[in-house]
> 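The structure follows.
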There are 2 protein chains.
Amino acid sequence: MAVTIRDVARASGVHVSTVSRSFSAPHLVNPETRTRVLAVAEDLGYRPNRAARALTTGRTHNLGLIVADIANPFFPPLIKAAQAQARLRDYHVFVADTDEDPKAEEDLIQTLTKQVDGVLLCSPRLTNRTIERLREEIPFVLVNRRVKGMPTVLMDVGRGARLAVEHLTELGHRRLAVVTGPSGSWTSKEMQEAAAAMNEVDVVFLGPNPPTVAGGLAAAADVVASGATGVLAYNDLVAIGLIEGLAERGVEVPRDVSVIGVDDIVAGRLSRPKLTTIAMPTAAAGRIAVDMLLQSVDAEAATGVTMLETTLIVRESTGEART
Amino acid sequence: MAVTIRDVARASGVHVSTVSRSFSAPHLVNPETRTRVLAVAEDLGYRPNRAARALTTGRTHNLGLIVADIANPFFPPLIKAAQAQARLRDYHVFVADTDEDPKAEEDLIQTLTKQVDGVLLCSPRLTNRTIERLREEIPFVLVNRRVKGMPTVLMDVGRGARLAVEHLTELGHRRLAVVTGPSGSWTSKEMQEAAAAMNEVDVVFLGPNPPTVAGGLAAAADVVASGATGVLAYNDLVAIGLIEGLAERGVEVPRDVSVIGVDDIVAGRLSRPKLTTIAMPTAAAGRIAVDMLLQSVDAEAATGVTMLETTLIVRESTGEART
DNA sequence: TATGGTTCGGCAACCGGTTGCAAAAAGTAT
DNA sequence: ATACTTTTTGCAACCGGTTGCCGAACCATA
């Protein structure tokens, strides 16, 4: 039913190998022959069968992209950018969702392994050991997670956190809280370390918490109890939940407490008050990660760490400390 | 390097065909032999190569899922449900994003066609002609789009719109506006038709608009000009943008104008005022669509229309008309 | 014209499974 | 014991490309 390479060969009077080479090794075939073959192929509507190609070359021309939760608005821009970049390179991207479950994540990787040439692991919750073991199985690139020796794309949350803390101290806040994320999150650890290293402020850490609105809501009680007047939340969803939870307890943002999120998701621009946040260059991260991954697919062993800048965006959820 | 069927055959002293059948046609092989083969396979860590299987069977065991915009929070729950359901059936799902561009959508379908067994088209903006032509190429299921004779999963926005209009009239609103979505959107057309069919109210239609917050913001001026006091927006994003735009013009929701959205996205529960909205059973739609698709992949020609219920969720963005 | 070097294209094996066909083995009826 | 089924297994072709190898054709140089 479908047009195969043999149909094209027959119709253009050459051997199948010539047709094959016309596509995948143009320099090995006479330009005239090649144009004729391509014309016939075009005419017949020939499309190479990727499964067949995969069988001999061992390249599926597919990539896997594993995220903790597609519904988390942090990921879609990254996914879109990765897909667009992959398409540019004639690759496709499988997106899979682990529901924040490390077990599911591992299974998913196993299943995917045979069908893709490489995997992008975004904010993985796996242990370092597991990640190191994985290296034998398939090329991958980590996003937002640091494991020594592995190709990685990071966004500089550490710096973001320092900017956030500085912003809060400039506003006069002296007692801060960091509402941390899931255990296993590199981002969360980075934030903590950066905040802990700042002098002249008093910082408490509250967590771990699920990286969701519900997580933020639940953390409100702890924040109130902590007596902090400035809060750095694991991400914008948590920040939004937290603001809601504080409101329920009669604590108003930014009048009584200042809150800073991370990610700069759209919802943060829409919530009231508009969220002060650390913006992450997610689209750039997606593009770069794809290119790094393809490189290590081809080169067998590329390694490297790319660190992308983050920025503090001041909106309405932070304000001067009351004296 | 990887373990193949031949390795398993050698190690268990049977022919490759027996190994193959142990997996894909168990009833054709002696139970004892089979358990032995499976044990050896397990032992060696054998995993069937899907590309090879695809080559002979013509089944890739992959599905395509095409959405207008992953970043639109309406889609993720649908995607997650579809992926989970597909995994249950030993299928994988490719998600692709068209950026709301019908041209990109068509290209994407073409590229995907050779790599997947079927495609889920979610809220496609293609013309009916294109969709009908597509039928020759690959099995597909439409979600949120009605084309006669095509397998389809719909959510009953018509009924949702009637409930919304009734709700507004009960609150005393007599002049309503419908802020419509993109041209080509079935949902938008349904809403319009349902609203137009209601008696005893005065309805104006404002649109088309992009299905985004920006679209809603931009529509605010028209809404004010229309003199409507009750508004049904194409979706929650538009509704949120609209509320924002109205606020900029000094029009307060729900005091001056009542607004109802569609989709029940998470952000709607977080915005101020909390959004009254028509909830869509997206997860169910994803599951059912996958099953319908697999059915028509197997059966060659399954057709059918499934209509799912919607519900009106009253929150804070609607209130009594001022007299 | 003979020689050596390129370029081009055909041949055929191969990737890793699946499947129709037929032989072998086991079971049943006569 | 023989003939006939039914079950189980092996054989080999096939899916649709890719690629190493070799010979033919072509070109330039001596």
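None of the values given here were measured: they were computed from a predicted structure. Protein chains get the first letters and strands the later ones, always in sequence-line order, with residue 1 at the start of each.
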> Both R6(B) and R34(A) contact DNA chain C. Which one's nearest nucleotide lies toward the 5' end?
R34(A)
> Just the endpoints, please: which first and last nucleotides of DNA chain D, 5' to 3', lie under 4.0 Å from a heavy atom of chain A?
dG16(D) to dG20(D)
> Need to verify one output field. Residue with the more 5' nearest nucleotide on DNA chain D, T56(B) or V16(B)?
V16(B)
> Can you tell me the distance, in whole Å, between the CZ atom of F23(B) and the P atom of dT19(C)?
15 Å
> Do S17(B) and S20(B) meet the criterion of a side-chain donor-acceptor pair at a distance under 3.5 Å?
no
> Is the backbone N or O of Q295(B) less than 3.5 Å from a side-chain atom of D298(B), with the two atoms forming a donor-acceptor pair by type?
no
> Please state how far atom NE2 in H15(B) lies from atom P in dC21(C), giving the value in whole angstrom units.
17 Å
> To the nearest 0.5 Å, how far apart are CG in L38(A) and OH in Y46(A)?
11.0 Å
> Ignoring hydrogens and geometry beyond distance, is a side-chain donor-acceptor pair present between R145(A) and N128(A) at under 3.5 Å?
yes
> Show, in sequence, the C-alpha distance, side-chain angles and deciding distance for L308(B) and D156(B), and conclude whether the side chain to side chain contact (heavy atoms under 4.5 Å, CB included) test is met.
CA-CA 6 Å; L308(B) 301 172; D156(B) 198 346; over 6 Å; no
> So S17(A), base contact, sugar-phosphate only, or nothing? Heavy-atom distance under 4.0 Å.
base
> E32(A) has an atom CD; how far is it from atom C1' of dT7(C), in whole Å?
13 Å
> When all nucleic acid strands are considered with a 4.0 Å heavy-atom cut-off, which category describes T4(A): base, sugar-phosphate, or nothing?
sugar-phosphate
> Would you kindly give the CG-to-C1' distance between L28(A) and dT7(C), to the nearest whole Å?
9 Å
> Would you mind classifying the nucleic acid contact of V19(A) as base, sugar-phosphate or nothing, using non-hydrogen atoms under 4.0 angstrom?
nothing
> Only one of V141(A), V143(A), L65(A), I109(A) forms a side-chain contact (heavy atoms from CB on, under 4.5 Å) with L121(A), so which one is it?
I109(A)
> What does R50(A) touch in the nucleic acid at a heavy-atom separation under 4.0 angstrom: a base, only the sugar-phosphate, or nothing?
nothing
